[in-house]
Visitor: 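A single structure is presented below for examination.
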Amino acid sequence: MTQKNSLATMSVIGWLIAAGLVICGLLYRTYSISLPSPGLNFSRQLGVVFLAAEVAFVLLALHKGVKFREIYADLDRNIRIALIAFLCVFWWSAFFTSPNTFGSMALTLRWIVHLAFGAAIYGSLSVVPRESVSRLIAPVIAALFALSLLTAWHFLSASEGISMGDSPFGWGVAIPGFISGRLFGAFCGAVLAFMLGETWLASNEKRASAWHYLAIILLAGMAIWSGTRAAVFGIICALPIAALFSRTRPNLIFMIGTSACLFVAYMLATSLLPFGDPYFLLFEAKDVSSGNAAMGGRVNLWSSMASLWLEHPLFGAGEGASIWLAPAGVFPHLQPHNAILQFLLSWGLVGTIPALYLLVRAIWHAHQAVLVRPDLMPVLAMLDALLAMAMLDGMLFFPRFIVLIFACIAILLAASRATRTEGGTNMLASPTGIEHSAVGSAAVPGPLRVGR
């Protein structure tokens, strides 16, 4: 029954994410950088659809008996202190400093929902069966396929030169449900990292099927088609780390098959360049003109955002400061395209220090889980791809990406807890955070509950 419940939980998470993608695709269809309705546009920026999905899962988890008080009590003292410190200060700048208090508070309070969502997943998974990971990702891939068909129809049905209000027309912002094509490509890249890890393991176990390789072609094709270099960067960073922690090596069949799939994906993507728009190219000639150009203008953006943070170093300027306080001549981005700068600008040093402590602790324990559960390497690959991309874009700003990040972390932490329980490990963590199982010599991640 426990395994059955865990399988059902993973299915629910996957279908909620899939539903969010499709609903956003149908609800937010535009050919410009903003929607004609201010209210609808703000709901897209806020990520209302995915926030609703998170709330729905939290309510379901509470109904099924998950108790946040017990989860909190099981945290070690340092984590509890950091969590309390963060919750006490992360909203100050939004309330006292931001020129748009309502908008900034709305963006800020989303973190309560995200934290509750992650805790709800962790509390709902008493075990993490090997087959459950496919329950998580299959609906998401199906939704992305549906979204690709919707995007094709949306592009082909557009009138030439169409514009909406004062916002300029652009194919790069016309992908249904996504604010930009780069975010679409990043999402596909994160799921591709998962599928590469899954196919890697399946090939080693001689169970890889044509569906694995077809999914790689679809996901890689969409990531390349969108011209998202961050997706390539994320995967390049993620797979070696996932391989290191899972202690697995790819076999020749996987390497040949994957290489062929990526070649096919590249050829298909480049042959379907939308109306010759260079936005969708992975590289243009101008990208080598300077370091800033190679980084898509990020160097200048980061410099201006760092200067803005230095004006409010302790408590920041509130979520959304990069929109409302952008210096003259700087395009008002929703976020500064770097997670660390985003935290500093939003919460200042006082809020960023406990937030990073919590995040780093969670990420470290999530990685340790794969030491004894190498079958969860695909989950780690997706997590690391997202974290790498967060250094270049808003993976820790937009709810659809935070849902993936928090789900990956919660799944891996739940698997670590289940492994300790089944293995009968010593509940006192070693200084390195690695324990040894009482029933074997495999290294087991140290628990979150230590030093109480």
Visitor: Strictly under 6.0 Å, is that where the ring centroids of Trp171 and Phe155 end up?
Guide: yes
Visitor: Do side-chain atoms of Arg373 reach the backbone of Val128 as a donor and acceptor pair under 3.5 angstrom?
Guide: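 Yes; judged by distance alone, with no hydrogens or angles, the pair exists.
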Visitor: Nearest 0.5 Å, please: how far is CD1 in Ile179 from CD1 in Ile175?
Guide: 12.5 Å
Visitor: Work out which heavy atom in Ser322 is nearest to a heavy atom in Met305; give both atom names and the distance.
Guide: CB-SD, 3.5 Å
Visitor: I want to check something: taking the side chain as every heavy atom from C-beta on, are Val89 and Trp347 in contact at a cut-off of under 4.5 Å?
Guide: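 They are not in side-chain contact.
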Visitor: Taking all atoms of both residues into account, what is the closest heavy-atom pair of Phe280 and Ser226, and its distance?
Guide: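 Looking at all heavy atoms of both residues, the closest pair is CD2-CA, 3.9 Å.
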Visitor: Please round to the nearest 0.5 Å and tell me the distance separating atom CG of Leu282 and atom OG1 of Thr270.
Guide: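 So the gap between those two atoms works out to 9.5 Å.
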Visitor: Just how far is it from atom CZ of Arg417 to atom CG of Asp74, taken to the nearest 0.5 Å?
Guide: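 If we round to the nearest 0.5 Å, Arg417:CZ and Asp74:CG are 8.0 Å apart.
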Visitor: Would you say Ile121 and Phe117 make side-chain contact, with heavy atoms under 4.5 Å?
Guide: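 In short, these two side chains touch, coming nearer than 4.5 Å.
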Visitor: Using only atom types and a distance under 3.5 Å, with no angle test, would you say the side chain of Asn338 pairs donor to acceptor with the backbone of Met391?
Guide: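 Side chain of Asn338 to backbone of Met391, a donor-acceptor pair under 3.5 Å: yes, one is there.
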Visitor: Phe90 versus Glu319: any side-chain heavy-atom pair under 4.5 Å?
Guide: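 A side-chain contact is absent here, since even the closest heavy-atom pair is not under 4.5 Å.
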Visitor: Looking at every heavy atom in both Trp200 and Arg249, which two are closest together, and how far apart are they?
Guide: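 Reported closest heavy-atom pair: NE1-C, 3.3 Å.
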Visitor: Between Phe254 and Asn204, is there a side-chain heavy-atom distance shorter than 4.5 Å?
Guide: no
Visitor: Go through Leu359 and Leu396 one step at a time and tell me if the side-chain contact (heavy atoms from CB on, under 4.5 Å) criterion holds.
Guide: CA-CA 11 Å; Leu359 185 60; Leu396 282 163; 4.2 Å; yes
Visitor: Test your reading of the model: is there a side-chain donor-acceptor pair from Ser93 to the backbone of Ser346, 3.5 Å cut-off?
Guide: yes
Visitor: Tell me if a side-chain donor or acceptor on Ser6 pairs with a main-chain N or O of Val127 at a distance below 3.5 Å.
Guide: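 Yes.
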Visitor: Within the distance-only criterion (no hydrogens, no angle test), does the side chain of Trp225 pair as donor or acceptor with the backbone N or O of Leu272 below 3.5 angstrom?
Guide: yes
Visitor: Can you check whether Leu219 reaches Phe194 side chain to side chain, under 4.5 Å on heavy atoms?
Guide: no
Visitor: How long is the straight-line distance from CD1 of Ile402 back to CG of Leu386, given to the nearest 0.5 Å?
Guide: 10.5 Å
Visitor: Is the backbone of Trp364 close enough, under 3.5 Å, to the side chain of His367 for a donor and an acceptor to pair up by distance?
Guide: no
Visitor: Should we say atom CG of Leu214 is surrounded by more than 12 heavy atoms from elsewhere, each under 6.0 Å from it?
Guide: yes
Visitor: Hey, mind stepping through Glu131 and Lys4 against salt bridge (Lys or Arg N to Asp or Glu O under 4.0 Å) and telling me if it holds?
Guide: CA-CA 11 Å; Glu131 60 271 24; Lys4 183 178 179 181; over 6 Å; no
Visitor: Can Arg110 be said to sit on top of Phe398's aromatic six-ring, NZ or CZ under 6.0 Å from centre and within 45° of the ring axis?
Guide: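 Relative to the ring axis of Phe398, which defines the angle, Arg110 lies outside at least one limit.
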Visitor: Is the closest side-chain donor-acceptor distance between Ser203 and Asn251 under 3.5 Å?
Guide: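 Yes, a side-chain donor-acceptor pair sits under 3.5 Å.
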Visitor: What I'd like to find out is whether the side chain of Cys24 reaches to under 4.5 Å of the side chain of Phe178, using heavy atoms alone.
Guide: no
Visitor: Quick check against the 3.5 Å criterion: does Arg80 have a side-chain atom that pairs as donor or acceptor with the backbone of Leu75?
Guide: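 Yes; judged by distance alone, with no hydrogens or angles, the pair exists.
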Visitor: Within the 4.5 Å heavy-atom criterion, are Trp302 and His337 side-chain neighbours or not?
Guide: yes
Visitor: Hey, do the aromatic rings of Trp111 and His114 have their centres closer than 6.0 Å?
Guide: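 Between His114 and Trp111, which both carry aromatic rings, the centre distance is below 6.0 Å.
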Visitor: Hey, is the main chain of Leu349 close enough, under 3.5 Å, to the side chain of Thr352 for a donor-acceptor pair?
Guide: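 No; judged by distance alone, with no hydrogens or angles, the pair does not exist.
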Visitor: Are there more than 12 heavy atoms of other residues, nucleotides or ligands under 6.0 Å from atom CZ of Arg69?
Guide: no
Visitor: Is the count of non-hydrogen atoms from other residues, nucleotides or ligands lying under 6.0 Å from Tyr266 atom OH greater than 12?
Guide: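 Result for OH/Tyr266: open.
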Visitor: Heavy atoms only: give me the nearest Pro378-Leu201 pair and the separation to one decimal.
Guide: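 Of all heavy-atom pairs spanning Pro378 and Leu201, the closest is CD-CD1, 3.6 Å.
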Visitor: Please lay out, stage by stage, how Ile13 and Arg135 fare under the test side-chain contact (heavy atoms from CB on, under 4.5 Å).
Guide: CA-CA 9 Å; Ile13 298 168; Arg135 300 285 188 97; over 6 Å; no
Visitor: Check the surroundings of atom CZ in Phe145: do more than 12 heavy atoms from other residues, nucleotides or ligands lie under 6.0 Å from it?
Guide: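 It does not: Phe145 CZ has 12 such atoms or fewer within range.
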Visitor: For Pro176 and Leu147, work out which heavy atoms get closest and say how close.
Guide: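 Closest heavy-atom pair between Pro176 and Leu147: O-CD1, 3.8 Å.
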Visitor: Quick one, Phe406 with Leu115, criterion side-chain contact (heavy atoms from CB on, under 4.5 Å). Give me CA distance, side-chain angles, the key distance, then yes/no.
Guide: CA-CA 8 Å; Phe406 277 39; Leu115 290 169; 4.0 Å; yes
Visitor: Within the side chain of Thr108, is there an N or O that forms a donor-acceptor pair under 3.5 Å with the backbone of Trp91?
Guide: no
Visitor: So how far is it from Leu239 CG to Leu380 CG, rounded to the nearest 0.5 Å?
Guide: 10.0 Å
Visitor: With no hydrogens and no angle check, is any side-chain donor or acceptor of Tyr279 less than 3.5 Å from a backbone partner on Gly181?
Guide: yes
Visitor: Which atoms form the tightest heavy-atom contact between Leu46 and Leu51, and what is the distance?
Guide: O-CD1, 3.6 Å
Visitor: Can you confirm whether Phe187 sits close enough to Leu21 that some side-chain heavy atom of one is under 4.5 Å from a side-chain heavy atom of the other?
Guide: yes
Visitor: Could you walk me through whether Phe42 and Val48 pass the side-chain contact (heavy atoms from CB on, under 4.5 Å) test, one step at a time?
Guide: CA-CA 9 Å; Phe42 183 65; Val48 166; over 6 Å; no
Visitor: Can you confirm whether the side chains of His154 and Thr151 place a donor and an acceptor under 3.5 Å from each other?
Guide: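 Per modelled atom types, His154 and Thr151 side chains form no pair under 3.5 Å.
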Visitor: In Å and rounded to the nearest 0.5 Å, what is the CG to CD1 distance from Leu344 to Ile353?
Guide: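 Leu344 atom CG to Ile353 atom CD1 measures 9.0 Å (nearest 0.5 Å).
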